[in-house]
Protein chains: 2
Amino acid sequence: MAGKDRAQESGQGLGKSGHLDFPRPLTTVDVVIFSISGDKLQVLLVQRPAGEGEPFPLLLALPGGFVDVAKDRDLAACAARKLKEKTGVTSPYLEQLGSWGSASRDPRGWSATHAYFALIPAEASVLTPDARWCPIHGGRLKEKLAFDHGDILASAIQRLRNKVEYTSLPAYLMPAEFTLPDLQRVYEIVLDRPLEKSAFRTRILSADMIEPVAKMRRGPNRPAQLYRLKKSSEPVYFVRTFNPPE
Amino acid sequence: MAGKDRAQESGQGLGKSGHLDFPRPLTTVDVVIFSISGDKLQVLLVQRPAGEGEPFPLLLALPGGFVDVAKDRDLAACAARKLKEKTGVTSPYLEQLGSWGSASRDPRGWSATHAYFALIPAEASVLTPDARWCPIHGGRLKEKLAFDHGDILASAIQRLRNKVEYTSLPAYLMPAEFTLPDLQRVYEIVLDRPLEKSAFRTRILSADMIEPVAKMRRGPNRPAQLYRLKKSSEPVYFVRTFNPPE
DNA sequence: TAAGTAAGTTGGACTGTACAACTAACTATG
DNA sequence: CATAGTTAGTTGTACAGTCCAACTTACTTA
């Protein structure tokens, strides 16, 4: 026989009955939900419960929880459900970030979490009482998080920054209508560095991702053209990054 | 109390005893191992066992298996172990690809796999008898795979192509010493399109990722300079993609 | 009416790719 | 021994898009 049993490969027995009677890791899904408000990148966090036997009581954590094999068809549905429960938002940008699994990350035993990251416009959300936005200063969060959620968040921030360098991801952080300077500001907030105005405009406008609406944003100075996202839903990939610093 | 119990959030009870007595998904790790040989991108596959109760008997599948909570400290270690077992290679390029989990992907029950992808030089490997290299034609594999491994492989190919467009990843597919035209050929094999010679050379040489060795590759025509990878281990990210087709 | 401010445009310098023609170094062949 | 063939590697012009900086435009406020 060419192949070996998958369970046996791991040194674990598969009984003749077909039972898979070896210990299984805990399986969770966590979601890193980003938004922009107050000129800051913000992440949605919830407080851990204080009950008996609860790990990391009262610490902040990413919203998430165990996969419910009866309720969740797949991982993405589970992540979307958790996002919906916490923010009320249903169709945001939702991307898988990666998975973290080890013997030590959860004191209750070997566990693996599937992490997702979502981008939503701040105004679109109606939070549950236990959830709140926490600002990210200089690419870092001040608070210490439960489990390895600090690592996961750091990884999400890095991924976001990386992709913002050469994609239209920030568009998903914008309200329905926005101006080009608004969008540029969001890019600058995420990247934490200024971008060049004319190159930015050229790039975005030639990407065919937004369209002008017949309105201007009026303010104390020259009015700005309002735009909205085209209905493409897919992010745009640019062939260059913005001029990287250094 | 601000937070709710993670298990309760999923509608699952956490007993007062602290037991986590609800059904857990199966947890596996699979590895997509790429290599180049015969001017083709190749992926390492193993044949599924034919035993009773075995899903997808005799079909080809990605090497992988259940996480062993006693043996595997974390997911990456588990992936590295599987790579080592199948190919003997210990320090390749190994990156997490993503995770796939659903009620339906494994007939034995709700399961989630953590997929990794690895790049190794073909000559570096000593395969176990059940493993073999399968060529990828035009970005696709001919054979049908077990589970959702076809999806996972397609995703790995797409990720590889994407990254090859703007990183030095193909360097990890090269033998210890290679020429610039060798490297270009590998880029072209993965991208499945020709690249421009002078731009390719400029880009690679200015990336400071390889260094010449004091030898030439001799053949039936003009000798070519041999190079080797510098000991950086980290891949290089270019600020532009190669000129994309279309 | 002038000053202030942010929106949006314009033009020259620069960087790196695209394309194509070129030179260089070797082998094989008549 | 000369010449054709092949691949390595270079060079030069065109072009695209960013960088930088100055400029015009449209509005508010004093």
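Residue numbers begin at 1 in each chain, while the letters A, B, ... track the order of the sequences.
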*To the nearest angstrom, how far is A:D182 atom CG from C:dA7 atom P?*
8 Å

*A:D151: what forms a side-chain contact (heavy atoms from CB on, under 4.5 Å) with it, not counting sequence neighbours?*
A:W100, A:D148

*Take nucleotides 25-30 of chain D nucleotide by nucleotide from the 5' end and write B, S or -, depending on whether a protein heavy atom sits under 4.0 Å from the base, only from the sugar-phosphate, or from neither.*
BBBS--

*Rounded to whole angstroms, how far apart are CZ on A:R201 and P on D:dA21?*
19 Å

*Starting from C1' on D:dA21, measure out to NZ on A:K197 and report it in whole angstrom.*
11 Å

Taking N or O atoms only and anything under 3.5 Å, show me the protein contacts with nucleotides 15-18 of chain D, one pair per line.
from: D:dG17; atom 1: O4'; to: A:R240; atom 2: NH2; distance (Å): 3.0
from: D:dT18; atom 1: OP1; to: A:R203; atom 2: NE; distance (Å): 3.1

*Rounded off to whole Å, could you give me the CG-to-P distance for the B:L195 and C:dC19 pair?*
11 Å

*For this output row, return yes or no: ring centroids of A:F242 and A:Y166 closer than 6.0 angstrom.*
no

_Run the side chain to side chain contact (heavy atoms under 4.5 Å, CB included) test on B:R185 and B:D182 for me, step by step, so that the C-alpha distance in whole Å, both residues' side-chain angles and the decisive distance to 0.1 Å come before the verdict._
CA-CA 5 Å; B:R185 224 161 286 132; B:D182 287 346; 3.4 Å; yes

*Distance-minimising heavy-atom pair for A:G139 and A:I157*: O-CD1, 3.6 Å

*Within a strict 4.5 Å, meaning less than it, do heavy atoms of the B:Q184 and B:K197 side chains meet?*
yes

Tabulate below the donor-acceptor pairs under 3.5 Å that side-chain atoms of residues 205-214 of chain B make, not counting sequence neighbours, or state none.
from: B:S206; atom 1: OG; to: B:T202; atom 2: O; distance (Å): 2.8
from: B:S206; atom 1: OG; to: B:R203; atom 2: O; distance (Å): 3.2
from: B:D208; atom 1: OD1; to: B:K230; atom 2: NZ; distance (Å): 2.6
from: B:E211; atom 1: OE2; to: B:R228; atom 2: NE; distance (Å): 3.1

*Report the distance from atom CG of B:L226 to atom C1' of D:dG9, rounded to the nearest whole Å.*
15 Å

*Measure from CD on A:Q184 to P on C:dG8 and round the result to the nearest Å.*
11 Å

Side-chain donor-acceptor pairs under 3.5 Å in residues 118-129 of chain B, sequence neighbours left out?
from: B:S125; atom 1: OG; to: B:A122; atom 2: O; distance (Å): 3.0
from: B:T128; atom 1: OG1; to: B:D130; atom 2: OD1; distance (Å): 2.7

*Can you tell me how far P of C:dT17 sits from CZ of A:F238, to the nearest Å?*
19 Å

*With sequence neighbours excluded, give me every ring pair (Phe, Tyr, Trp, His ring centres under 6.0 Å) pair touching residues 121-141 of chain A.*
none

*Any side-chain heavy-atom pair from B:I204 and B:F238 closer than 4.5 angstrom?*
yes

*Measure the distance from CE on A:M216 to P on C:dA6 and round it to the nearest whole Å.*
16 Å

_Mind checking if A:R217 touches a base, just sugar-phosphate, or nothing, with heavy atoms under 4.0 Å?_
nothing

